[in-house]
S.K.: 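Okay, here's the structure, questions in a sec.
Everything numeric in this text was worked out from a predicted model, so none of it was measured. Each chain gets a letter, A, B and so on, in the order the sequences are listed, and its residues count up from 1.
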Amino acid sequence: MSHPENATVFLKDKARAKWHDDTLWIVRQKRDVTIHQIPEWEKLRELASQIKDHTLSKLDFYLEELEKNATANGIKVHWAENAEEHNQIIGKILDEKKCKAIVKSKSILTEECHLNPFLEEKGIEVVDTDLGERIIQFLKQPPSHIVMPAIHLKKSDISEIFHEKLHTEKGNVDPVYLTHAARLHLREKFLQAKVAITGVNFAVAETGEFVVCTNEGNADMGVHLADTHIACMGIEKLIPRRKDLGVFLRLLARSATGQSITNYNSHFRSPSPGKELHLILVNNGRTKQLAREKFRNSLKCIRCGACMNTCPIYRRSGGFSYGSTVPGPIGSILSPGIDMKKYSTLPFASTLCGSCSDVCPVKINIHEQLYEWRQEITKAQGSSLKGLSMKLANGIFKSPLAYRISGKMMRASLKTLPDSIIYNPLNAWGKGRNLPDLPSESFKDWYKKNR
Amino acid sequence: MKKDAPHIGLFIPCYIDQFYPNVAIASLELLEKLGCKVTYPLGQTCCGQPMSNAGFESKTTDTTSKFIRDFAKFDYIVAPSGSCVLHVKEHSPKIDKLKKNQEHLQANIYELSEFITDVLKVDSIKGSFPHKIGFHASCHGLRGLRLASDSELNEPVFNKTLQLMKDLEGLEIVELTRKDECCGFGGTFAVSEEAISVQMGKDRIADHVDKGVEIIVGGDMSCIMHMQGIATRDKEKIQLMHFAEILNQVIS
Amino acid sequence: MSSKESILAAIKGLNMEEKPLPEIPDFAVASDLVEAYTHSLNANKGTVVSKVELEQMIADTGFAKIYSSSPSFASYSNCEVPQHPADFADLDLAIIEGQFASAENAAIWLDESNLDLRAIPFITAHLVIVIRKENILGNMHEAYQRIGATKSGFGVFIAGPSKTADIEQSLVVGAHGAMSLRVVIL
């Protein structure tokens, strides 16, 4: 798997690639419009960044505070060192309840932990209830975007799979019609489910409560109808104070989709009488990332997806081209921390244009971390081909004579070589681009004659 | 030239030296016309950016040391490239032996339009340039050096390069659909992610073409080289120029 | 070592220097809060209606099952709160009181003191929330100041009807929860 290969395949279908680019660009534009209505936008980003920096710097303290307060509220708190333990904890709760079917609202963490295959192996039916997630679940695909999981699909694709799974009218591509078919199908699932699983957007240490944001209301439909609610969160989702939510809820939806807020923002503090509420705190490599000083602040991420929408590479290569749970710029700085070898091409899937860092609502210096990962990866890879040529270049540039000779040779050889060699399809520059017209002399030569 | 004029070291990035001597000449002449004392240190080579961005920053200490030795003696160091300036300022490896010189260098290196507006305090250049242009905001100058406000941040609108051109007679600057999207050059990205790189370049050019732009004007020849390469291949009539060429041409 | 211990030990072992926690300042808010609220709600696909308009709507639609916990519309209620929320699956209309709202984004705060069952505002086909004009605040910071240290097992900011754009970014109202939100400002 390499990002350039996947991207090349994605771009082959020109019309679809353009549609993907345009669709996400529209989301980015909506974000731009909404943030310009908030004069204090940059101040809010700074506050959010500082609150998260502070929390990470005292994460052990706040985790214990969260556990203490949540437990006092009647929430059962669990700790999971890794994905497997996270899945086992859920499996055990379901076994105790003799539960054979669950409804789940969007959670990138459960995706990261591969919860669905784990539960399905145990014979438990998992129903993803976010519309986009249900669509890709039918298609047996992972999400291609963390906020808009089915953004890679066209309505004709969705119409087709709904016809097969939900027996909707063949060829009816009307989004209203398709959405309402899903509503009926999922309502049945909600009414039957005994256990509902959700992710967590924010957990508040001082109150022991956690917040889940959706537009569809699927998280609430699930948990309020079920007897047991299991919420799963990465340990970085913490914030210290309830009032900090004011900052984050102002930033999250505006950054994600350009809405002023998600339509449902539910604060769970204790279970309804007679019901159960579980909260699983998951590490799964987060403390390792916390230990990497240069990459620590990637854990500030609130999963808004704005860096994906703005990324010119993501828009033109699609979420699957990254081959990681979290794609796009943020995924490219998180994933190498999980498996540097597997994800070694991701930090290079960027021009370092910096747009991601400027849209990030918590001011993660994403493009600078991409640069830093490149340094780590090349160190780990040792003397690769690229490494050798770069060493050679450093040799040339440290010596003015070598630089001049190689420059002259380059200009001379480019002039004499036939186009067929310069523009050989194997030559990556020349495949879609010409080389510049070559001047008769370099500036250096001119300067010596004229000054 | 004023007697006490500060001494400027002209830093000409390697690919400009080799491929675009006219841009270097224009930069030199423009600074001279604005009353500066300018020297081009003949021994200069490269700042090390292509290597660093490819992940080999640690292997650029020799190149960086050489760069510091070449340029630290000047009051100011000016280059017609935001990208290379950003690299010298923020990404070149720390050279402990040359700490003081490196700090002086990093504090006093400027991109050309930034130097003219911020140090020379020139508000705008007078002259005539009756053309319809589109501005290509190169990312490193834009989001690295903050040569202009970008579309991502909620900040007051400014653009140091276009500010210098704002009073040119007959000049029309078009509003692009995506005013500051990356062109896809990105150094080694241009070859390692060839397919996306070219697609991004095509998309950028199309935005200008759709708006009826005659000349795409930018401040980084690397972006311009990439887009020019695509425009030529695709037989687009559009021209590409560095702003220094225009300013040097109009100024008397 | 338990996972809790190992996670906490891993963090403590980093000996991170504590970074400051900022105070959140006050920010300017809209001068006409009702107008700003209405504008925000429209953007979220909800609508502000008058008491008369709501009464007319109820008369016109002929909803079979209506639940109201709002004293202002008590007479419309024609059902009891069931034991199990699933028994409200056929609820046509719920009318409830909201505590306060934030004009910048139309979000209305409800907690368990407003909700006889947590499921009501989600499971109902159509939702009406009643708020008092004086309880329209400027922004979310003011909203959280108002919530303060209240203890409620569940609280929610509702800012519009259930909606989705998961099919080619086309906005569709009525995904899983309420298919409409009307807000009456008294």
Side-chain angles (χ1 to χ4, degrees), chain A residues 3-4 7-8 11 17 21 25 32 35-36 38-39 41-42 310 312-313 316-317 348-355 357-359 371 374-375 377-379 386-387 390-391 393-394 396-400 403 407 410-411 428-429 431-436 438-439 441-444 446-448 451, chain B residues 12 14 16-22 24-25 28 40 42-46 48 50-51 53-60 62-63 66 91 139-140 143-144 150-155 178 181-182 184-186 188-196 198-201 203 225-226 228-230 232-233:
Chain A
H3 186 271
T8 306
L11 284 168
D21 172 38
W25 182 256
D32 292 351
I35 71 131
H36 281 96
I38 309 292
W41 182 256
E42 301 304 331
T310 200
I313 284 87
R316 290 175 182 82
S317 60
F348 294 90
S350 163
T351 57
L352 306 180
C353 78
S355 183
S357 301
D358 277 2
V359 296
Y371 176 88
R374 292 180 182 188
Q375 314 305 325
I377 287 164
T378 53
K379 265 181 232 159
K386 213 172 177 182
M390 282 299 160
K391 261 185 254 171
N394 192 35
I396 289 170
F397 290 133
K398 81 177 171 193
S399 148
Y403 165 73
M410 183 166 64
R411 274 181 289 130
W429 179 275
K431 208 172 160 188
R433 285 164 291 215
N434 280 30
L435 279 160
L438 292 158
E441 60 180 1
S442 69
F443 173 67
K444 194 165 290 187
W446 179 91
Y447 187 83
K448 279 195 282 191
R451 285 295 185 280
Chain B
I12 297 299
C14 39
I16 296 185
D17 173 41
Q18 294 295 330
F19 292 128
Y20 300 103
N22 288 342
I25 295 166
L28 173 69
Y40 171 76
L42 285 164
Q44 66 178 282
T45 56
C46 169
M51 293 166 273
N53 283 358
F56 298 97
E57 185 188 296
S58 61
K59 298 201 168 32
T60 64
D62 293 345
T63 300
K66 165 148 184 53
H91 281 316
C139 301
H140 291 173
R143 301 189 192 84
D150 69 14
S151 60
E152 289 87 358
L153 300 178
N154 186 348
E155 62 180 347
R178 300 187 185 182
E181 189 175 46
C182 178
F185 172 68
T188 50
F189 179 88
V191 286
S192 65
E193 289 267 10
E194 188 270 342
I196 293 192
V198 170
Q199 189 57 52
M200 285 167 70
D203 292 348
M225 174 171 73
H226 163 71
Q228 180 74 68
I230 293 167
T232 308
R233 176 66 58 90

S.K.: Measure across B:L28 and A:R451 and return the closest heavy-atom pair with its distance rounded to 0.1 Å.
M.R.: CD2-NE, 3.8 Å

S.K.: How many angstroms lie between CD1 in A:I35 and CD in B:E152, if you round to the nearest 0.5 Å?
M.R.: 9.0 Å

S.K.: Would you indicate whether the side-chain heavy atoms of A:L352 and B:H140 approach each other to under 4.5 Å?
M.R.: yes

S.K.: Do you know the tightest heavy-atom contact between B:C182 and A:T351?
M.R.: SG-OG1, 3.1 Å

S.K.: Over all heavy atoms of both residues, which pair between A:H36 and B:L153 is shortest? Give the atoms and the distance, please.
M.R.: NE2-O, 3.5 Å

S.K.: Atom CG in A:L435, atom CZ in B:F19: separation rounded to 0.5 Å?
M.R.: 6.5 Å

S.K.: Looking at chain A, which one of B:I25, B:D203, B:T232 has the largest number of heavy-atom pairs inside 4.5 Å, strictly under?
M.R.: B:I25

S.K.: Who wins among B:Q199, B:H91, B:M225 for the most heavy-atom pairs under 4.5 Å with chain A?
M.R.: B:H91

S.K.: Keeping the roles fixed (side chain from A:R316, backbone from B:A195), state whether a donor-acceptor pair exists under 3.5 Å.
M.R.: no

S.K.: Please name the pair of heavy atoms, one in A:W429 and one in B:H226, separated by the smallest distance, quoted to 0.1 Å.
M.R.: CH2-CA, 3.7 Å

S.K.: Do B:Y40 side-chain atoms and A:Y447 backbone N/O form a donor-acceptor pair below 3.5 Å?
M.R.: no

S.K.: Under 3.5 Å, is there a donor-acceptor pair between the side chain of A:Q375 and the main chain of B:E57?
M.R.: yes

S.K.: Between A:R433 (side chain only) and B:A190 (backbone N and O only), is there a donor and an acceptor less than 3.5 Å apart?
M.R.: yes

S.K.: Do A:K431 side-chain atoms and B:V191 backbone N/O form a donor-acceptor pair below 3.5 Å?
M.R.: no

S.K.: Can you find a heavy atom in the side chain of B:R143 that is under 4.5 Å from one in the side chain of A:C353?
M.R.: yes

S.K.: Pick from A:S357, A:A17, A:S350: which one has the most heavy-atom pairs with chain B under 4.5 Å?
M.R.: A:S350

S.K.: Which atom names give the shortest non-hydrogen contact between A:F348 and B:E193, and what distance separates them?
M.R.: O-CG, 4.1 Å

S.K.: Against chain A, label B:N53 side chain, backbone, both or neither, depending on which of its atoms sit under 4.5 Å from a heavy atom there.
M.R.: both

S.K.: Determine whether a donor-acceptor pair (N or O, by modelled atom type, separation under 3.5 Å) exists between the side chain of B:N154 and the backbone of A:I38.
M.R.: yes

S.K.: Might you work through the side chain to side chain contact (heavy atoms under 4.5 Å, CB included) test for B:K59 and A:T378, ending with a clear yes or no?
M.R.: CA-CA 11 Å; B:K59 298 201 168 32; A:T378 53; over 6 Å; no

S.K.: What distance separates B:E181 CD from A:T310 OG1, expressed to the nearest 0.5 Å?
M.R.: 7.5 Å

S.K.: For each of A:I377, A:D32, A:I313, tally heavy-atom pairs with chain B at distances under 4.5 Å, and name the one with the top tally.
M.R.: A:I313

S.K.: I need the minimum non-hydrogen distance between A:S442 and B:P21, along with the two atoms involved.
M.R.: C-CB, 4.0 Å

